[in-house]
Amino acid sequence: NIKWDYQYNTAELMAYRGFKGKMLLILQCIFGALLIADIAREVRDVVYAVQHDKLYKEYLQHYNNLLDWAHCCLMIATFGLWGYYTIMADSTAMLSSYPIIKDL
């Protein structure tokens, strides 16, 4: 008789299952929409600065604008990694049984 007293700390492969998963998906979609709105606002500011010939004189002189672009790039990279993780987790095939003690 083998005593199994292990505590497993595993990652959820199907993160969007159940009520908690649906709430997580909704929050992530809201986050994505807000990120897109933030990027659109920054693009609008750049277009305005280029049209009024103030790109270097005003837009790039404020370090907050560069910080916003760095933040947007970091969030886009985060979304990319999240998408990659989701695709890899969905493609994981779990067997119904693993014959680990077959030879005993």
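Numbers here are sequence positions counted from 1.
- When the side chains of ILVMFWY residues are joined at heavy-atom separations under 4.5 Å, either directly or via intervening members, Phe19 and Leu24 end up in two distinct hydrophobic clusters.
- Counting heavy atoms from C-beta outward, Tyr16 and Met23 have side chains that stay 4.5 Å or more apart.
- Annotation: the span from Leu67 atom CG to His62 atom NE2 amounts to 14.0 Å, rounded to 0.5 Å.
- With hydrogens and angles disregarded, a donor-acceptor distance shorter than 3.5 Å links the side chain of His52 to the backbone of Tyr48.
- The heavy-atom pair separating Ile39 from Cys72 by the smallest distance is CG1-SG, 3.7 Å.
- Inter-residue side-chain proximity for Ile36 and Phe31 is flagged as unmet; no heavy-atom pair is nearer than 4.5 Å.
- Note: Leu81 CG to Thr86 OG1 = 10.5 Å, rounded to the nearest 0.5 Å.
- Between atom CG of residue Asp38 and atom CE of residue Met75 there is a gap of 10.5 Å, rounded to the nearest 0.5 Å.
- Hydrophobic clustering (ILVMFWY, side-chain heavy atoms < 4.5 Å, transitive): Ile26 and Leu35 are in distinct clusters.
- In the hydrophobic cluster analysis, where Ile, Leu, Val, Met, Phe, Trp and Tyr join through side-chain heavy atoms closer than 4.5 angstrom, Val43 is grouped together with Ile76.
- For the residue pair Glu42 and Tyr59, a side-chain donor N or O sits within less than 3.5 Å of a side-chain acceptor on the partner.
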- Could you please spell out the steps behind the side-chain contact (heavy atoms from CB on, under 4.5 Å) verdict for Asp68 and Asp45? CA-CA 12 Å; Asp68 284 342; Asp45 290 347; over 6 Å; no
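- Qualifying side-chain contact (heavy atoms from CB on, under 4.5 Å) partners for Leu66, counting only residues two or more places apart in sequence or in other chains: Leu60.
- Residues Lys57 and Gln61 approach most closely at O-CG, 3.1 Å, considering heavy atoms.
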- Please walk me through it: do Phe79 and Trp82 pass ring pair (Phe, Tyr, Trp, His ring centres under 6.0 Å)? CA-CA 5 Å; Phe79 255 127; Trp82 165 74; 5.4 Å; yes
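- Heavy atoms of other residues, nucleotides or ligands lying less than 6.0 angstrom from CG of Asn64 number more than 12.
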